[in-house]
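All ligand and atom numbering here is 1-based and tracks the order in the structure.
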Amino acid sequence: RSTHRWWKEAVVYQIYPTSFQDSNGDGIGDIPGIISRLDYLKSLGVDVLWLSPVYKSPLKDMGYDISDYLAIDPRYGTMEDIEKLISGCHQRGMKLLMDLVVNHTSEEHAWFMESRKDKINDKRDWYIWRNPKIGPNGERIPPNNWRAVFGGSAWDLDETTQQYYLHCFLPSQPDLNHENHLVRSAVHRVMDFWLKKGVDGFRQDVINLISKAPGLPDAPITFPDQFLQPAYPLFSNGPRLHEFLKEMRTAVLSRYDTMTVGEMPWCTDKEEVLRCVGEDRGELDMIFQFDIIEMDFGPAGRFTDASEPWTLKTLRDIIEGWQSFMIQNSGWNSIAIESHDQPRSVTRFFPEDLYPGNEDRERRAKMMATLCAAQSGTLFMFQGQEIGMQNIPTSWDIDDYKDIETKNAYQLAKEKGHLEQFWNAARLKARDNGRTPVQWDGTENAGFTKGSPWMRVNDDYKEWNVEEQVKKEGSVWSFWKNVLEVRKKYRGVLVYGGFEMLDKKSEDVLAWRREGEGKQALVVMNWKEGPVTWKVPEKAQGVVKEENVRLKNYGEVKIGEGEIMLSKWEAVLFV
Ligand code: TEU
Ligand code: CA
């Protein structure tokens with residue numbers, strides 16, 4: 001039985017500030033807008049807010065390119081605003097996580113401006129500079145063959161000093177050199193600054209990239225185009241990662257009551273993850289892994305398709321893998337199927353119909369909520385998920401997409417002549433799908449802004465919005481509110497309980513049972529395009545009673561002799 005902690009039981013709601021609520025009519029969401037929605041968030045029942053970056057930034061990567069960690073970008077507000085947000089959360093018994101983005105800074109950060117000036121300044125070694133290699137025709141080429149996540153080489157040649165600098169993402173996001181202890185203590189000072197202000201912890205951006213393969217060796221070329229060559233294994237989870245994570249804990253975090261969640265893309269090694277989140281490791285509390293989200297990602301990322309589409313078996317094996325492994329090894333899971341980097345789950349997991357009918361869409365949203373509610377771990381939800389917001393309509397064009405990752409992929413696809421594959425991937429998986437403004441009500445721009453929104457509002461806002469759903473029994477919003485209540489009430493079994501996958505051969509039904517603190521839970525989800533009768537295993541029959549139904553999608557759950565009948569997309573949780 002894992003020890004109880006507030007951050008294990010908490011439900012975390014991620015706010016992407018640019019698209020959450022605009023308060024001053026400039027079309028960009030801001031901190032005063034968030035403050036105006038704190039009572040709404042309290043009424044939904046969330047405990048912790050995770051705020052995507054609001055620090056000073058040129059917004060080349062929407063704030064994940066920071067030019068001053070200790071200042072708020074004027075587009076989002078002032079230091080006083082963030083202090084009001086922190087106290088506003090605490091007054092309501094809620095907590096606030098900030099986003100710690102320290103694998104890289106913006107090129108406009110004073111540290112990088114200094115570092116690039118010449119080869120001898122004291123900030124030179126705060127970033128990763130290397131001499132050019134000489135190519136086959138005597139030309140200067142990058143120090144290795146790594147591809148940047150957002151396309152092209154991961155190295156840019158700086159004319160002033162005739163050296164390359166490493167940037168695993170955009171050229172405007174130079175990687176900090178965490179091998180330099182001065183960089184690490186500067187990062188610790190940033191963390192301490194925000195913790196002193198009352199922030200309750202951090203989501204740590206691509207934190208597994210702060211330790212890279214020693215010597216930064218070339219990636220083995222298995223791709224026709226070396227710049228499609230994913231170098232992830234070489235620029236993440238390097239040999240000093242645990243040392244650096246432990247140091248953060250001893251140098252800063254241990255002095256506060258914090259929650260930490262590390263974002264760890266491309267890390268599928270459960271033993272390595274356990275070394276980061278094990279109860280006795282003194283490193284992170286939990287991480288985000290991307291196995292479910294990236295089930296059908298190709299080897300070169302979001303815009304290339306996997307060789308075959310994902311199946312219910314894929315999903316089942318991933319869930320069972322992480323649930324069982326962490327419970328058996330005193331680790332801890334996060335549960336998250338949406339974020340600012342991900343498409344909307346009501347579209348993403350049901351791609352055959354990009355226009356889900358309202359009825360089906362509502363049922364799918366609730367089924368995905370049930371899938372999350374029944375797992376062990378800390379439950380995360382993303383703004384708009386509570387009303388089942390969907391992906392961008394297929395009618396929109398590239399100008400309506402604002403994400404640099406999407407725009408770069410579009411350019412590349414245009415050059416290579418495979419725009420059709422690009423659009424198939426973009427409509428299903430582009431990050432923009434999760435970044436359209438939150439749909440608060442049916443007024444113009446969905447109540448997000450009185451001005452013209454930085455990004456177009458989804459066309460369905462008149463019928464799909466918070467105001468509509470808050471007052472409607474059976475809405476997705478009401479379902480999520482109930483999910484959060486059920487999670488809290490039965491946390492002994494739902495948050496902390498054991499896990500056993502059931503009916504592993506089924507191609508239609510996903511079902512598992514939980515057991516803990518004197519209670520049993522059973523979840524059954526029907527992924528078949530039609531009704532199904534499901535035989536209840538002997539050991540779960542005790543909990544299958546009408547009065548034990550805590551979550552159900554719609555209609556009545558028909559309970560027969562040792563079996564239950566489920567309609568299409570029906571999902572039921574018995575506790
Ligand atoms: O995300 C890193 C990351 O894993 C995703 O960007 C994903 O790998 C990428 O979309 C390729 O498919 C974090 C932030 O969440 C993201 O918004 C930033 O763009 C990125 O790091 C760089 O800071
Ligand atoms: Ca604004």
Atom 6 (O) of ligand 1: nearest protein contact (heavy atom, Å): R431 NH1, 3.1 Å
Atoms in ligand 1 with a heavy atom of F150 nearer than 4.0 Å: 19 (O)
Geometry at the Ca ion (ligand 2) - D26 OD1 versus D30 OD2 angle, rounded to 10 degrees: 170°
When you measure from atom 21 (O) of ligand 1 to every protein heavy atom, which one gives the shortest distance, and what is it? D205 OD1, 3.1 Å
In D22, the N/O/S atom nearest the Ca ion (ligand 2) carries the name OD1
Which heavy atom in R427 sits nearest to a heavy atom in W396, and how many Å separate them? NH2-O, 4.0 Å
For ligand 1, is any non-hydrogen atom under 4.0 Å from V149's backbone (N, CA, C, O), its side chain (CB onward), both, or neither? side chain
Hey, does P265 have a side-chain heavy atom less than 4.5 Å from the side chain of N208? yes
Heavy-atom pair with the smallest gap, counting every atom of T378 and V12: CG2-CG2, 4.1 Å
Within-4.5 Å side-chain heavy-atom neighbours: E179 and I128: no
The single option from R348, K429, R435 passing salt bridge (charged side-chain N to carboxylate O under 4.0 Å, His left out) against D341: R435
With atoms numbered from 1 as shown, which atoms in ligand 1 lie under 4.0 angstrom from a non-hydrogen atom of P265? 4 (O)
Would you say N103 and K212 are linked by a side-chain donor-acceptor pair, where the criterion is simply a distance under 3.5 Å? yes
At a 4.0 Å cut-off, with the gap strictly under it, does some heavy atom of K429 reach an atom of ligand 1? no
Side chain, backbone, both or neither: which applies to M264 and ligand 1 if a contact is any heavy-atom pair less than 4.0 Å apart? neither
I need the atoms of ligand 1 closer than 4.0 Å to a non-hydrogen atom of H340, numbered in the order shown. 14 (C), 15 (O), 16 (C), 17 (O)
Please write down residue, atom name and distance for the protein heavy atom closest to atom 5 (C) of ligand 1. D341 OD2, 3.8 Å
Least distance between heavy atoms, R456 atom then P437 atom: O-CD, 3.4 Å
Checking a contact table here: which protein heavy atom is nearest atom 3 (C) of ligand 1, and how many Å away? E263 OE2, 3.7 Å
Heteroatom test (N, O or S) for T449 near the Ca ion (ligand 2), limit 3.0 Å: no
Does L97 reach the side chain of V199, with side-chain heavy atoms less than 4.5 Å apart? no
Side-chain donor-acceptor pair under 3.5 Å between Q21 and W440, yes or no? yes
Starting from atom 8 (O) of ligand 1, what is the nearest protein heavy atom, named by residue and atom, and what distance separates them? W266 CZ2, 3.3 Å
Find out whether the Lys NZ or Arg CZ of K402 is both under 6.0 angstrom from the six-membered ring centre of W454 and within 45° of the ring's axis. no
Mind checking whether E294 has an N or O less than 3.5 Å away from an N or O of ligand 1? no
Nearest non-hydrogen protein atom to atom 9 (C) of ligand 1, with distance, is E405 OE2, 3.3 Å
W266 and F235 aromatic centres sub-6.0 Å: yes
For atom 7 (C) of ligand 1, which protein heavy atom lies nearest, and how many Å away is it? R302 NH2, 3.7 Å
Please list, in number order, the atoms of ligand 1 under 4.0 Å from a heavy atom of H104. 22 (C), 23 (O)
The atoms of ligand 1 lying under 4.0 Å from a heavy atom of D61, numbered in the order shown, are 18 (C), 19 (O), 20 (C), 22 (C), 23 (O)
Any cation-pi pair here, R124 with W129, using under 6.0 Å and within 45°? yes
I'd like to know: is the Ca ion (ligand 2) within the 3.0 Å range of an N/O/S atom from I28, strictly under that distance? yes
